[in-house]
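Each remark here refers to the structure printed beneath this line.
Quick caveat: nothing in here was measured; it's all calculated off a predicted structure.
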Amino acid sequence: MKGSMKARGLKTAAVLVLLSTAALAQDVASFEKRITVKKLPNGLTLLICERPEAPVFSFFTLVDAGSAQDPMGKTGLAHMFEHMAFKGTDRIGTTDYAAEKAALAKVEDAYAAYIQERDKRVDRDEARLKQFEKDWKDAIAEADKYVKPNEFGKLVERNGGEDMNAFTNYDETGYHYSLPENRLELWAYLESERFLHPVMREFYKERNVVIEERRLRTDSNPIGRLLEQFTAEAFAAHPYHRPTVGWMWDLNSFSATDAQHFFDTYYVPSNMVVAVAGDVKAAQAMPILEKYFSRLPTLPDPDESTTLEPPQNSEREVVLKERTQPLYLEGYHRPDYRTKDDAVFDAITDLLSEGRTSRLYRSLVRDKKIASFSAGFTGLPGVKYPHLFAFYAFPLPGHTTHEVAVAIHEEIEKLKKEDISDDELKMIKTRTKANLIRGLADNQGLATQLATYQTRYGDWRELFRTVDRIDKVTKADIRRVANETFVDTNRTVGEIETVGAGQGGGEPGSPDSGSANSGGAQ
């Protein structure tokens, strides 16, 4: 067994060395020859990466607004508009837009009357409420007569589109799919059109879909419930304490008018980056992209001010008693991604969690045999603002959350008191280079990474400078950051304690349906 494990280790090391060597061909200079960036007069940034391996291309549109931008009382709006972006435009998805527009206006008027009566604290008239609800639902049925369901998606699929999807997390909203290279102009039209002329059709039907999504991922999922309450406890002031999917009351309250207002505020060209990677020539493609995306009107930048989370001065705790697998989770506040120590946090993540040789896996899973899995990671629940470095473990039957907590704290203390080995530091740096190469292995990953770094740093080249920053990390840096960050008074703890039937707790849920580092809603 030991010989077999050693052989696998040597093989893995060899692969990493090969990938590291391949990185020489993936440096900034080689990409600079293939990447063209242009900021349009309206503020939107376009990025094209020429990658002619196959006659296809992928794109990634990043809107620098996520659930952290949701207004109070209207949580879930960022995620809700993501859903609406697939409902078509004034030309796509309708049989008669003029009539549909008038019908949708009546839906909003009827809904406003219904909500006003529903939310009265005193003197609510139940008969009037039922009538207003009927008027609203009748108005929806009338507007639905003009809808051509899923026409946007069908149009993409008919033209060879694949992997059409989107996501919303705390920091941003992203849209992506892939098409044959001869459909570039069609894509540019479709992608710009849905942000130029969005229509809030089937809004309340789609809102019900989101409500069911919340019930599935959070309300009926013990891990989802823990994450929501843990995050709300860790962030008392900053918008990170609000769930991406939204609170149930808000989901049953906000309107299509609210979604339109969110769009008008945050979906402005200066807040968007569109990256294309694949078999495209910038000289021919950029004029096409300019033609369509320049149509988006210049609008004021959104207000980025937000409440900063005050220092945490005492340990906080959330304990859920559930008839399900136990889970231990703890998090420590850390600065946002712009901190000079961001690479140090990445190095600690790698050391603790990268593969079966990682410290937490070796200690809790392999040696002590008290957990089925354990890891530490940065970026909970986002990275744009100060966030958490978190640790978690799933105790095995017969073992407790207290046992895994003690074992995790032993590993944290080692980080604080002892330098990591030369071999560990070397492997961290080698794996970082390898992971960079893997992330650039396909058009979609490439477009996503380039758009993300262009948005966060204003320069896609920072993607490659992550390797340089990791290379500069020292053993002393790791000890220093561990001692500064992993402090008891800076800690929030979340636990699921297993209880038997009749001892309280929620309904059983599947631990596999969630993960301790899930950050957003799809």
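- Within the 4.5 Å cutoff, the side chain of Thr218 has no heavy atoms near those of the Pro243 side chain.
- In terms of heavy atoms, Arg465 sits closest to Asp459 at NH1-OD2, 3.4 Å.
- A salt bridge does not link Asp250 with Arg242: every distance from a Lys NZ or Arg NE/NH1/NH2 to an Asp or Glu carboxylate oxygen is 4.0 Å or more.
- Checked for salt-bridge contact, Arg201 and Asp144 miss the test: no charged N lies under 4.0 Å from a carboxylate O.
- Judged purely by atom type and a 3.5 angstrom limit, Glu117 uses its side chain to pair as donor or acceptor with the backbone of Asp125.
- For the pair Asn221/Arg217, no side-chain contact is recorded, criterion being any heavy-atom separation below 4.5 Å from C-beta on.
- Aromatic ring pairs are classed by plane angle as parallel below 30°, tilted from 30° to 60° and perpendicular above 60°; the pair Trp460 and Phe464 is perpendicular.
- One side chain, Asp171 or Tyr240, offers a donor N or O that lies under 3.5 Å from an acceptor on the other.
- Side chains of Ser255 and Asp258: a donor-acceptor N/O pair is present below 3.5 angstrom, by distance only.
- Within 6.0 Å of NE2 on His261 lie no more than 12 heavy atoms contributed by other residues, nucleotides or ligands.
- No donor-acceptor contact under 3.5 angstrom links the side chains of Thr45 and Gln454, judged on distance only.
- Taking the side chain as every heavy atom from C-beta outward, Leu327 and Leu226 approach each other to under 4.5 Å.
- Tyr175 is listed as a side-chain neighbour of Val63, based on a closest heavy-atom distance under 4.5 Å.
- Under the 3.5 Å distance criterion, the side-chain polar atoms of Arg334 are matched with a main-chain donor or acceptor of Asp336.
- With hydrogens and angles ignored, the 3.5 Å screen pairs no side-chain donor or acceptor of Asp90 with any backbone N or O of His197.
- Met248 and Ile211 make their closest contact through SD-CG2, 3.8 Å (heavy atoms, listed as atom of the first residue, atom of the second, distance).
- Around the CD atom of Glu162, the shell of radius 6.0 Å holds no more than 12 heavy atoms that belong to other residues, nucleotides or ligands.
- Salt bridge present: Arg461 and Glu32 bring a charged side-chain N and a carboxylate O closer than 4.0 Å.
- A cation-pi arrangement is present between Arg194 and Phe86 under the rule of less than 6.0 angstrom and at most 45 degrees off the ring axis.
- For the residue pair Asn208 / Glu212, no side-chain donor-acceptor distance below 3.5 Å is found, with atom types taken as modelled.
- Counted by atom type alone, Asp303 and Ser305 present one or more donor-acceptor pairs between their side chains at under 3.5 Å.
- Tyr392 and Phe373 have tilted rings, their planes meeting at an angle from 30° to 60° on a 0 to 90° scale.
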side-chain contact (heavy atoms from CB on, under 4.5 Å) assessment of Leu40 paired with Ser294: CA-CA 7 Å; Leu40 302 179; Ser294 291; 3.7 Å; yes
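- By the 6.0 Å contact criterion, NZ on Lys38 is open, its count of non-hydrogen atoms from other residues, nucleotides or ligands being 12 or less.
- With hydrogens and angles disregarded, no donor-acceptor distance shorter than 3.5 Å links the side chain of Asp350 to the backbone of Asp346.
- Side-chain contact, Gln312 with Tyr332: no donor N or O sits under 3.5 Å from an acceptor N or O.
- Between His83 and His79, the ring planes lie perpendicular to each other; the angle is over 60°, past the 30° to 60° tilted range.
- Side-chain atoms of Leu104 and Met200, non-hydrogen and from C-beta on, never get closer than 4.5 Å to each other.
- At most 12 heavy atoms of other shown residues, nucleotides or ligands fall within 6.0 angstrom of atom CD in Gln116.
- Looking at Lys33 and Glu50, no side-chain N of the basic residue comes within less than 4.0 Å of a carboxylate O on the acidic one, giving no salt bridge.
- Contact between Phe167 and Asn169 at its shortest, heavy atoms only, is CE1-ND2, 3.6 Å.
- Between Lys137 and Glu133 there is a salt bridge, since at least one side-chain N of the basic residue sits less than 4.0 Å from a carboxylate O of the acidic one.
- What you find for Thr349 and Gly376 is that their closest heavy atoms are CG2-O, 3.6 Å.
- Looking at Cys49 and Val280, their side chains never come closer than 4.5 Å, going by heavy atoms from C-beta outward.
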Steps toward ring-ring contact (aromatic ring centres under 6.0 Å, His included) verdict (Tyr385, Tyr170): CA-CA 10 Å; Tyr385 306 99; Tyr170 284 86; over 10 Å; no
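- Residues Phe230 and Leu388 are in side-chain contact: their nearest non-hydrogen atoms beyond the backbone lie under 4.5 Å apart.
- A salt bridge links Lys384 to Asp64: at least one charged side-chain nitrogen sits closer than 4.0 Å to a carboxylate oxygen.
- No cation-pi contact links Arg91 to Tyr189, judged by a cut-off of 6.0 Å to the six-membered ring centre and 45° from its axis.
- In this structure, the side chain of Glu309 engages the main chain of Ala237 through a donor-acceptor pair within 3.5 Å.
- Looking at heavy atoms from C-beta onward, Leu155 lies in side-chain contact with Arg158 at the 4.5 angstrom threshold.
- Classified by interplanar angle (parallel below 30°, tilted 30° to 60°, perpendicular above 60°), the ring pair Phe195/Tyr267 is tilted.
- With respect to the salt-bridge test (charged N to carboxylate O, under 4.0 angstrom), the residues Lys134 and Asp138 qualify.
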Audit row: Tyr292, Glu193, side-chain hydrogen bond (donor to acceptor under 3.5 Å, both in side chains) steps and yes/no: CA-CA 8 Å; Tyr292 289 100; Glu193 191 73 8; over 6 Å; no
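- Ring-plane geometry between Phe152 and Tyr177 is classed as perpendicular, the angle between the planes exceeding 60 degrees on a 0 to 90 degree scale with a lower cut at 30.
- A donor-acceptor pair under 3.5 Å links the side-chain atoms of Arg207 to the main chain of Leu251, judged by distance alone.
- The distance between the ring centers of His333 and Phe235 falls below 6.0 angstrom.
- For the residue pair Arg225 and Glu322, the shortest heavy atom distance occurs at NH2-OE1, 2.5 Å.
- Between the side chains of Thr173 and Glu82, no donor-acceptor pair is found at a separation under 3.5 Å.
- Aromatic ring centroids of Tyr204 and Tyr111 lie under 6.0 Å apart.
- Remark: Lys39 NZ is loosely packed, at most 12 non-hydrogen atoms of other residues, nucleotides or ligands lying under 6.0 Å away.
- With sequence neighbours excluded, the residues that form a side chain to side chain contact (heavy atoms under 4.5 Å, CB included) with Glu151 are Ile92, Lys148.
- For the pair Arg118 and Trp249, the cation-pi test (distance below 6.0 Å, angle within 45°) is passed.
- Shortest non-hydrogen contact noted between Gln444 and Asp442 is N-OD1, 3.1 Å.
- Between Phe293 and Trp187, the two ring planes are tilted [angle within 30° to 60°].
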